[in-house]
There are 4 protein chains.
Amino acid sequence: MNNYSLKFAKVKPKDEKKTEHIFKATLQLVKDKGVAGITMGEIASAAKIATGTLYIYFKSKDELINALFTECRKASAEIYFKDYDASLPFKTGFKVIWLNLMKFRTEHFEKAVFMDQCYHSPFITETTKHITKEMMHPLYKLVERGKAEKIIKDADSFILLTFMVGGINEFVKHSKYSGKKITKELIEQMFNLCWDGLKA
Amino acid sequence: MNNYSLKFAKVKPKDEKKTEHIFKATLQLVKDKGVAGITMGEIASAAKIATGTLYIYFKSKDELINALFTECRKASAEIYFKDYDASLPFKTGFKVIWLNLMKFRTEHFEKAVFMDQCYHSPFITETTKHITKEMMHPLYKLVERGKAEKIIKDADSFILLTFMVGGINEFVKHSKYSGKKITKELIEQMFNLCWDGLKA
Amino acid sequence: MNNYSLKFAKVKPKDEKKTEHIFKATLQLVKDKGVAGITMGEIASAAKIATGTLYIYFKSKDELINALFTECRKASAEIYFKDYDASLPFKTGFKVIWLNLMKFRTEHFEKAVFMDQCYHSPFITETTKHITKEMMHPLYKLVERGKAEKIIKDADSFILLTFMVGGINEFVKHSKYSGKKITKELIEQMFNLCWDGLKA
Amino acid sequence: MNNYSLKFAKVKPKDEKKTEHIFKATLQLVKDKGVAGITMGEIASAAKIATGTLYIYFKSKDELINALFTECRKASAEIYFKDYDASLPFKTGFKVIWLNLMKFRTEHFEKAVFMDQCYHSPFITETTKHITKEMMHPLYKLVERGKAEKIIKDADSFILLTFMVGGINEFVKHSKYSGKKITKELIEQMFNLCWDGLKA
DNA sequence: TATGAATGAGTATTCATTCAT
DNA sequence: TATGAATGAATACTCATTCAT
């Protein structure tokens, strides 16, 4: 390290990585013991920091949970529409998104569990819940495009959407619990069930 | 107090109604604040009894939660196969059960929420979880009958089952959250999506 | 205990005496270590109860301090005008009150120390402070009677009042610190200084 | 960094001004929130330095408080006997000192508050308390000269002293709390009350 | 049984102090 | 020296559980 960098390194900045560690530790703990069972002390030691340090990064348990919730929401939003291109034929685009939903649920399972758990917890504020609901909006749009193009059934959008998502969620949840391996083959089967249900 | 009344007092069962009150109070609280947020004190006052009294009916919080979980499981099991008759044609019988699942989720929403919440909580023992999984067995049988009769797709039973249940769960959950009214019409739409997905 | 009293004794009431014990313990601790140095744990064990019990009687440390402050104020108010009769000649009545002030400061020294200490503490609310100020009103009236009767100097009432009280407070405070015995003789001397200062 | 600058850095004294800032910040905080309510963090940020820096100037909170206490004592001692000349007639000299006491209490109010507050706090050592008491010695001498000259009453010196000081302290304290303006006129009135009380 | 006050272990949070930069 | 993040012991407060009535 040269003189120049020393000048700027004088003040130790709040470690960005530490927030990440804390989040990771919290998600793991929640997956294992549920929101009901986690303490700030446990989170701290799982993140390999002192309890006091935890409070440098988050003013309270409440704030930590809410921040993590927001983080998870952001992560899911980023994945949902990855590689989606509205100019693609409907079914192709639909499958991209459907697979993304599946991807999020499987690869970020702890986040999904955490979000589900939090929804009824006293930690999450109404505002946070509200924003979360709004996040579903683009999915509504997708479903409505399908209806407009007469490719999928002309049913209530809410029904179509929850149907589209429900199978994925239930499948992933139970496969994690029961140890059932999630294979390409199974995913394909689930997609077909879903698509056959939706198509006009 | 004489011998007679003593004897009588011993025989007198714990007030059945009170257990019910306690369960109802707990379910309501869990729906509103999650398992993370309930205390024995709150349960007691919601059930309009003293904390001490709560401990006459349940040795510990753990026991209360587990007893309630078992109760909920029993309630769901009773509903799932109500009016089902294996001699009915497959689709008819399938719809009976599918509607029963829907019925349970809507009319006993707090129970469903409670069971979901508990699954990750430190309160529920592994044994309890195991028994719960076994409860799904008859549903497997149903699905397999459908496959055997070549009426529904020859996909993995696990996939078929989670697909069948997922839409219902997701639909009811979000309708409760968003205040969306659950109508016969919507239920019918959801069933059609589900059936069209499953059918061979 | 007969049947009748049993009927009413069924519920153990919040022990009135316990509040008193808590107050006494707190005052003693504050006298010895100052408001800065007391913890809820210490108060509890000085009052021979569990920490949790302390919180049955007072929702928080703040509330405990404020309640005690109010209690002390009440105690002082009760003493200040004890045996005072406006129909007595001014000097006689004045001396009754002056001696009462002295009596409070000496016999309830911990309360006086506590009140002094609290005045600058973050525990005491502005409202509480305001009420305390108002408590001085009757003393103003007394001083104004003396002025009206041309018995004491026609100076600013605020000056007369703080002068009247200041000597007492300073005397008692330092005598407690230095271990100087407060005798009848010394009190008489102090009263004479005070009276000679005030008289017209 | 070369040898020269290293040497120079070692010699460079701790910034004198910074100590002053720290003291000023502490006094202000204690006036507003009491000794009970101040933290090292608050002091540091009020003094516009980092917490770590505070510990360069003072090894501990204890030491800071004690150093400030000593500083305050010194400041008061310097003022008390300012312009006093034993060769002046008693009353003239007495008034000089009396006015000095008044001056200290008004112009260095925070210091007075701080010293009062500290007296009961766990921070101040017995030694410090002892030295403080000794500081009163010259005032005793003054009072005894008055008695010897038969100008003031032949009462107990302790009584005379606390009487002399009490009115001042009480007056200033309450005027600060209530916002009452301290005027020359009021000071004169207070002095007269005091003198008339003391004179033989 | 029923009550709710009492208990004390446990949890969230603060804060004096240290330390790497 | 100066900084402010990191530490962990101490403290305020909670809550499952017990117990006297």
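Worth saying up front: this structure is predicted, and the values here are computed from it rather than measured. Proteins get letters first, then strands, A, B, ... in listed order; numbering begins at 1 in each.
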What's the CD-P distance between B/Glu63 and F/dT17, to the nearest Å? 10 Å
In whole angstrom, what separates C/Leu54's CG from E/dA9's C1'? 16 Å
side-chain N/O B/Lys18 vs E/dT1 OP1/OP2, d < 4.0 Å: no
Mind checking the CD1-CE spacing from B/Ile22 to B/Met40? Nearest 0.5 Å is all I need. 8.5 Å
Considering just the side-chain nitrogens and oxygens of C/Tyr57, establish if one lies under 4.0 Å of OP1 or OP2 belonging to E/dA6. yes
Residues within residues 37-53 of chain C bordering DNA chain E, heavy-atom distance below 4.0 Å: C/Ile49, C/Ala50, C/Thr51, C/Gly52, C/Thr53
Starting at NZ of D/Lys33 and ending at C1' of E/dC15, how long is that distance when rounded to a whole Å? 12 Å
Could you state the CG-P distance from A/Leu64 to E/dT11, rounded to the nearest angstrom? 16 Å
Once pairs are restricted to Watson-Crick or G-U wobble with both distances under 3.5 Å, how does DNA chain F read as a dot-bracket string, [ ] for crossings and | for other-strand pairs? .||||||||||||||||||||
C/Tyr55 has its side chain closest, among F/dT17, F/dA12, F/dA6, to F/dA12
Within the distance-only criterion (no hydrogens, no angle test), does the side chain of C/Arg73 pair as donor or acceptor with the backbone N or O of C/Thr128 below 3.5 angstrom? yes
What is the distance, rounded to the nearest whole Å, between atom NZ of A/Lys61 and atom P of E/dA12? 4 Å
Presence of C/Lys59 side-chain N/O under 4.0 Å of F/dA12 phosphate oxygens OP1/OP2: no
Whether C/Lys17 and C/Glu20 form a salt bridge (side-chain N of Lys/Arg under 4.0 Å from carboxylate O of Asp/Glu) is what I want to check. no
Tell me whether the count of non-hydrogen atoms from other residues, nucleotides or ligands lying under 6.0 Å of NZ in C/Lys48 goes above 12. no
Under a 4.5 Å cut-off applied to non-hydrogen side-chain atoms, are B/Val113 and B/Gln117 in contact? yes
Taking CD1 from C/Ile56 and P from F/dT17, how many angstroms apart are they, rounded to a whole number? 17 Å
Kindly say whether the aromatic ring centers of A/Phe23 and A/Tyr57 come within a distance under 6.0 Å. no
Can you tell me the distance, in whole Å, between the CD1 atom of C/Ile22 and the P atom of E/dT7? 10 Å
Tell me if the NZ atom of C/Lys74 is crowded by more than 12 foreign heavy atoms within 6.0 Å. no
Side-chain heavy atoms of C/Cys118 within contact of C/Phe123, under 4.5 Å: no
Can you list everything that forms a side chain to side chain donor-acceptor pair (under 3.5 Å) with A/Lys111? Sequence neighbours excluded, please. A/His108
